[in-house]
Structure formats: C-alpha cells, structure tokens
Amino acid sequence: MKTNSLLKFTFWKIVAVIIIVAGFISTYYRFTKGLGATTNLSDLVPWGLWIGFDFLGVGLAAAGFTIAATVHIFNLHRFEPIVRPAILTAFIGYSLVVGLLVVDLGRPENFWHPLVMWNIHSVMFEITWCIICYTTVLMLEFAPVVLEKFNLKAPIKLLKKISIPIVIAGVLFSTLHQSSFGSLYLIVPGRLYPLWYSSLLPVHFYISCIAAGISMIIFESYINARAFNTGLRLNILSELAVVVVIVLAIEFILKISDLLLSGKFNYLITLNMESFLFYLEIIIGTFLPIILLGSKRNRENKGILFIGAICVICGFILNRMNVCMTGMAASSGVSYFPSFDEISITFMLVVLAMIAFNLVVQNFQVFTYTEEHVIQENGVVETKKIITSE
Amino acid sequence: MSKTKGLLFDVTLCIGCGACYDACKQKNKLPKTNQNFLSDHLSANTFTVLEQYNEYYARKLCMHCDEPSCVSVCPVGAFSKSKTGAVLYDGDKCIGCRYCMQACPHKVPRYEWGKTQPRVRKCNMCDDRIKEGKIPACAEACPTEATLFGDIDELVEVAKRRIKENKRNYYPHIYGLDEAGGSHVLILSPVPFEQLGYTPHLPKEPMPMLTMKAMEKIPPVVGVGGIFLGGMYWLTKRKNQIAKEKNEIKKELQEHEN
C-alpha cells in the first residue's frame with residue numbers, strides 16, 4: 001500500500017518534470033525565434049490558445065471575489081473556511097494569466113506601457129488596469145495568511161482595518177474585467193459565430209464565471225480532502241452547489257431568450273460544427289450539472305458533487321474556447337490548431353500553478369482543520385481531521 | 001492641412017498593371033515577396049495588393065476608417081487618426097497584444113511574426129508625403145487614375161457623379177462611404193463588392209460604438225455596485241449584531257428565571 005502510493009507519487013513527479021522541461025525549452029525558442037516560428041498564429045488568427053487560457057485562468061478564479069463578498073460583505077460567516085482557498089486559487093489563476101501574457105505579447109518588454117500610455121476607449125486597457133489592481137487586492141487579501149505564519153501582528157491589524165474597502169474594490173474590479181473579457185468581442189460582430197456573438201456578451205461572461213469559479217472551489221476541496229485524507233465540509237459545499245444550479249439556470253434562460261429575441265433561432269436548428277459545439281457546451285455545462293446537483297440527496301453525495309462541479313468547469317472551458325477559437329474559425333477562413341510550443345508552454349504554466357498551489361497549501365494555513373475523535377465500533381479511537389471554520 | 005484626404009479606387013479603370021503595388025513597395029522600402037504581384041497577399045511586407053477576379057482587379061489596402069476600430073481598441077494608443085485622414089501606427093508604443101488585428105473589420109493589419117521585436121504593419125496612406133504636399137505613391141504611379149487622391153468630400157462627389165452619369169458601368173454603391181461608419185478609401189465597382197472579395201454587410205454604425213455601449217456602463221456599475229456592497233455590508237452586520245444582542249438578552253432572562 002505504502003510503496004504503491006509512493007510509486008504513484010513519483011510517476012506524477014516525472015510527468016511534471018517532463019512537462020516543465022519541455023515548457024522551458026519551448027519558452028526559450030519562443031523568445032529567441034519569435035512568435036511565427038513557435039506558434040500556429042497568423043495574420044488571420046492573431047489570437048489562439050494562450051488568450052483562451054487567459055479567459056480560463058481568470059474565469060475559474062472568480063470564486064476569489066464571490067466568496068470574499070459572501071463572507072465579508074454579506075456577513076455569511078459559515079462560508080469562512082473556503083475564503084482562503086478561493087483567494088489563493090484566484091491569486092494563482094491571475095499569476096498564470098500574467099505568465100501567459102508575457103509569452104503571448106509580441107513585445108513583452110513593453111508590458112508597462114498601459115500604465116503610462118492611456119487609451120480609455122480600449123477594453124483591453126480597462127482589463128489591463130483591472131487585472132493589475134485586482135492582483136494587488138488579492139495579494140492584500142492573502143497577506144494575513146503569510147504574515148500570521150511569521151507572527152507579524154501589526155500589519156495584520158492594519159490589513160483587517162482596511163479589509164472591507166479592499167474586498168469591495170476587489171468585487172468591483174472583478175465585475176468589470178470578468179465582463180470585459182466578453183466586451184473584447186463586441187467589436188467583431190462579423191467574425192464571431194452568431195450563436196456566441198451577442199451584445200450581452202459581457203453579461204454572459206460575468207454570470208458564467210460565477211458558476212465556474214464556485215465549481216472550481218468544490219473541485220479543489222474534494223481533491224484536497226482526498227490528497228490529505230481529511231473530511232469534507234459537505235454542508236458548505238452542497239450549499240454552494242445550490243448557488244451553482246441557480247446561476248446556471250439564470251444563465252441558460254438569459255442565453256436562450258437572448259438568442260431567440262435577436263432572431264437567431266435558425267442558427268439553433270442548423271446542423272454544423274458550431275451548433276454541435278454549442279449544444280455540447282449547454283449539455284455538459286448546464287443540463288448535466290443542473291440534473292446532477294438539482295436534488296438535495298445528490299448534492300450531499302460527495303462523488304456526485306465532484307462530478308457536477310467538473311461538468312460545470314468543462315462546460316465553461318468549452319464556452320470560452322468556442323468564443324475565442326472555434327467561433328472565430330469560420331470567418332477567418334483558415335483552420336487553427338495550437339502548435340507544440342503553444343501547448344507545452346501552457347501545460348508548463350498549469351503544472352507550475354498546481355505545484356505553487358500545493359506548496360502554499362502545505363506551508364500555510366489555507367485549509368483549516370480541527371481534529372475529531374471518532375470512536376469506532378471496536379472501541380478504537382480514530383483521530384480524523386476535518387476542515388473547519390476559524 | 002485643411003481638409004482630410006482620401007483615395008478613390010475605381011475598378012472599372014484599373015488595368016491590373018501593378019504600378020501601385022511596385023510604388024508602395026519602393027516608397028516603404030519593402031522587400032520583394034512574390035514573383036507575381038497578382039498572387040501576392042497583404043503581409044508585413046506588402047501593404048497593398050491587386051487581386052484578380054475574372055476580368056476585374058480589386059485593390060486591397062487599409063481603408064483608413066473615419067472611426068477606426070484599431071484606434072479604439074489599442075490599449076496603449078499606438079494607433080491614431082492623422083489630420084490628413086490617414087490611420088497611423090506607432091511601433092514604439094505597441095505591446096503586441098494584436099487586438100487591432102482581431103478587431104479590424106477589413107482584416108488589414110499584419111504582423112511581423114518572424115521577428116523577436118515585431119511590429120504591426122499596414123498602409124499609412126503615405127501620410128509623410130501628404131504632409132510634404134505630395135500625393136501618395138500609389139496614386140502618383142497609377143497610369144489610368146484608377147487610384148485617385150484628393151479631398152475626401154470631393155472624392156465622394158466624383159464617385160457619385162460617375163455612378164449617376166454611367167449607370168450601366170457601375171454597381172450603384174460606393175464601398176467605404178458607410179461601411180463600418182465610413183472610411184477614407186472609397187471603391188467603385190461594376191459588380192457587387194462581395195464578388196471582389198470586399199467584406200460585405202458591414203454595419204453602418206462605427207464599430208467602436210459597439211464597445212462604447214458597454215464601456216459607458218462602467219461608471220454606473222462602479223457607483224451603484226459600490227453603494228450596494230457598502231450598504232449590504234452595513235445591513236448584514238447590523239442584522240447579525242441585533243441577533244446577537246437578542247440572544248444575549250434571552251440568555252440573561254433565562255439566567256434570571258433560574
């Protein structure tokens with residue numbers, strides 16, 4: 001049993017090392033040979049996998065602001081135990097995005113230009129500023145976790161004093177840039193396939209990131225509980241699942257009524273690659289999770305809860321990839337599939353993000369536990385850690 | 001510089017000689033990209049091309065929109081609208097996000113994919129030449145006046161007159177007059193424009209308006225959102241406090257009874 005788990009551990013370790021080494025080599029080529037030699041991007045497909053992953057990194061990190069608002073603004077303190085994982089997820093998600101931007105930008109050495117060269121009409125300008133500000137907010141929100149480890153009380157006290165304005169600023173910044181990722185595509189009505197193009201794109205992006213962000217927290221809690229063999233706070237997570245179902249239902253109704261009201265019914269009944277992907281996205285990301293998580297009994301089954309969360313995440317990934325790649329493919333007239341270097345750099349950053357998450361969780365109080373003594377039938381006392389509120 | 005300038009390209013007059021193509025390459029010091037100019041396409045080293053469609057030749061180049069998408073989307077303002085009407089690009093500002101390429105309704109901007117410090121490349125209507133009082137290289141080289149340079153208002157009049165006086169020869173539409181909010185390159189053709197590879201069905205509204213509608217909502221969202229969140233914080237905190245006080249009173253009462 002012990003050797004088995006050790007072997008498994010080494011196997012994943014080797015995989016991680018291979019991915020990181022491959023990623024490093026690709027990164028080296030990316031910066032020495034340029035984008036043309038290392039990516040499949042072209043004049044007709046200027047945005048590819050990397051931009052898609054930026055959407056994912058930011059969207060899946062959305063729990064950072066929703067959970068912080070739930071606990072600190074709406075004062076629902078029973079959700080306290082998931083604040084830290086949510087903020088850490090968000091911070092790592094945003095770091096991943098910044099990493100990807102550095103490789104994706106043609107002139108990464110000019111990354112600071114938006115700070116001094118302003119164009120307030122540009123959605124990209126607004127997003128850049130929001131991401132910079134929100135990453136700062138996340139650092140301030142997570143700082144107490146690091147400071148308490150080193151027993152630095154004075155700065156924690158100060159941060160606590162300004163915590164409410166910080167959380168409010170974080171929610172506002174997030175609201176703006178999460179929706180603005182959708183606004184990026186408002187200016188390409190002729191290019192994005194009509195099933196995804198809508199003047200409500202920013203609203204769709206905003207609502208869908210809430211469901212995906214919360215699902216990400218359910219997903220992580222489950223993995224974490226398995227990895228460290230601790231109990232799950234099922235009551236909190238199943239309550240979150242209710243929120244996910246409600247948000248998914250709202251998004252579905254909004255999306256369909258938007259399509260019908262803007263006269264796009266014929267696109268729904270046209271059978272092609274786009275409509276197939278659209279339905280796939282709806283079935284995996286909306287129908288399945290609503291069916292799985294719709295009933296109370298299912299929500300309290302951690303296996304089903306986990307699968308439901310995965311469905312939402314997959315549906316979300318499909319949606320963002322559809323908007324930024326497949327939905328744009330037809331109008332560009334050329335087919336795009338990411339190159340080896342694009343994929344390996346992306347994988348490297350994802351693996352690094354996972355390692356970073358793991359390291360922080362192991363060294364700081366992210367998931368909080370108390371020990372519960374369970375008296376088994378044979379009278380042996382078993383000590384079990386359960387995640388608990390502070 | 002009093003009036004904004006523009007180019008009028010008339011398909012019926014073009015003989016497909018490629019003088020504009022060569023002049024553009026020469027003026028911008030661009031390397032040769034194709035043996036046959038008719039099979040070339042827009043690229044980082046080609047700012048204008050002639051495309052052959054049966055007996056017609058269609059010129060493709062930056063349309064120099066009135067309200068350009070590229071100017072509006074660029075996060076660092078690397079694009080600007082010149083007083084001459086040309087849309088200019090400043091490579092020193094560019095961070096390389098390529099949103100301009102994604103957003104351009106005419107799919108014009110090209111990128112130096114092969115370089116490690118790449119720039120966006122496109123026609124600048126020979127802005128420098130216009131400011132010196134000369135005319136763009138392509139218009140100067142054109143032997144048949146298929147490419148005509150002048151004040152944009154006058155060009156619109158010329159185009160309207162040509163269609164009116166010669167209804168049989170022209171498809172009754174000036175491409176670029178309304179497309180994507182209007183542009184400083186106008187095109188006349190004997191056949192519908194989609195047959196010559198020009199993007200059809202572009203909205204008449206300037207494209208940046210589509211983004212502006214969303215951007216305008218930012219201040220109210222921030223204002224209302226901030227007040228809402230602050231209010232909710234105060235309300236829920238107060239609610240919790242009252243609940244706590246009630247509990248304490250209850251406890252006291254119970255203790256009293258005991």
Side-chain angles (χ1 to χ4, degrees), chain A residues 31-37 39 41-44 46-47 69 72-77 101 104-111 113-114 116-128 164 167-169 171-172 175-176 179-180 182-191 199 201-202 328 332, chain B residues 41-44 69 71-79 91-105 107 109-120 199-203 207-208 210-215 217-218 221-222 225-226 229-230 232-233 235-237 239-240:
Chain A
F31 285 109
T32 49
K33 308 266 184 213
L35 285 164
T39 69
L41 298 171
S42 65
D43 285 329
L44 295 173
W47 285 0
H72 296 300
I73 305 294
F74 295 92
N75 284 306
L76 296 168
H77 290 282
L101 278 176
D104 194 16
L105 286 181
R107 301 289 300 273
E109 70 275 21
N110 291 348
F111 78 96
H113 280 187
V116 288
M117 301 169 190
W118 287 28
N119 177 14
I120 56 161
H121 299 292
S122 166
V123 180
M124 193 68 99
F125 171 78
E126 183 228 325
I127 290 179
T128 312
I164 297 302
V167 172
I168 292 181
V171 174
L172 293 176
T175 304
L176 293 185
S179 56
S180 290
S183 308
L184 280 178
Y185 286 88
L186 287 177
I187 204 160
V188 291
R191 289 206 191 182
S199 52
L201 259 175
M328 302 286 283
S332 74
Chain B
H41 49 82
L42 290 184
S43 71
S69 292
V71 173
S72 117
V73 300
C74 180
V76 292
F79 284 92
D92 291 334
K93 285 187 174 176
C94 182
I95 59 172
C97 72
R98 309 186 292 280
Y99 192 14
C100 48
M101 306 174 67
Q102 188 75 276
C104 174
K107 301 183 188 175
R110 302 288 133 144
Y111 208 54
E112 294 179 322
W113 294 101
K115 294 196 176 169
T116 49
Q117 295 197 325
R119 287 169 300 174
V120 173
T199 318
H201 317 303
L202 286 174
M207 312 296 278
L210 295 167
T211 318
M212 278 315 291
K213 281 180 194 160
M215 298 285 281
K217 308 233 160 61
I218 290 175
V221 164
V222 171
L229 292 169
M232 283 314 281
Y233 167 69
L235 267 178
T236 50
K237 199 183 169 188
K239 205 181 112 205
N240 285 355

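Chain identifiers are assigned alphabetically (A, B, ...) following the order of the sequence lines, protein sequences preceding nucleic acid strands; residue numbering begins at 1 within each chain.
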[X], part contacting chain B, at a heavy-atom distance under 4.5 Å:
X        : answer
A:Thr175 : side chain
A:Ile120 : backbone
A:Leu184 : both
A:Val188 : side chain
A:Leu105 : both
A:Ile73  : both
A:Ser199 : neither

Pairwise distance CG(A:Leu101) to OG1(A:Thr128) - rounded to 0.5 angstrom: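 A:Leu101 CG to A:Thr128 OG1: 8.0 Å, rounded to 0.5 Å.
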
Quick one: what part of [X] sits under 4.5 Å from any heavy atom of chain A, side chain, backbone, both or neither?
X        : result
B:Lys107 : both
B:Cys97  : both
B:Met232 : both
B:Pro105 : neither
B:Met207 : both

Do you know which of [options] has the most heavy-atom pairs with chain A at a distance under 4.5 angstrom?
options                                : answer
B:Pro208, B:Ser43, B:Ala214, B:Pro118  : B:Pro118
B:Val76, B:Thr211, B:Ile95             : B:Ile95
B:Val222, B:Leu42, B:Thr236, B:Asn240  : B:Thr236
B:Ala44, B:Ser69, B:Gly96, B:Pro203    : B:Gly96
B:Met212, B:Lys217, B:His201, B:Met215 : B:Met215

Distance-minimising heavy-atom pair for B:Ala103 and A:Ile187: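 So the minimum-distance heavy-atom pair works out to CB-CG2, 3.5 Å.
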
Which pair of non-hydrogen atoms, one from B:Phe79 and one from B:Cys74, has the smallest distance, and what is that distance?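 Heavy atoms of B:Phe79 and B:Cys74 come nearest at CD1-CB, 4.1 Å.
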
Give me the ring orientation class for A:Trp47 and A:Tyr185: parallel if the planes are under 30° apart, tilted from 30 to 60°, perpendicular past 60°. perpendicular

Among A:Ser42, A:Ser332, A:Gly182, which has the most heavy-atom pairs under 4.5 Å with chain B? A:Ser42

Between [X] and [Y], is there a donor-acceptor pair closer than 3.5 Å when you use the side chain of the first and the backbone of the second?
X        : Y       : value
A:His113 : B:Lys93 : yes
A:Asn119 : B:Val73 : no
B:Arg119 : B:Cys94 : no

B:Pro109: partners by side chain to side chain contact (heavy atoms under 4.5 Å, CB included), with sequence neighbours left out: B:Met101, B:Cys104, B:Val120

Any donor-acceptor pair under 3.5 Å linking the side-chain atoms of A:Asp43 with those of B:Trp113?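 Yes - a donor-acceptor pair under 3.5 Å links their side chains.
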
Any side-chain heavy atom of A:Asn75 within less than 4.5 Å of one from B:Lys239?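 Of all side-chain heavy-atom pairs linking B:Lys239 with A:Asn75, none is under 4.5 Å.
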
Mind checking side chain to side chain donor-acceptor pair (under 3.5 Å) for A:Glu126 and listing every partner two or more places apart, or none if nothing turns up?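 Here the qualifying residues are A:Ser180.
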
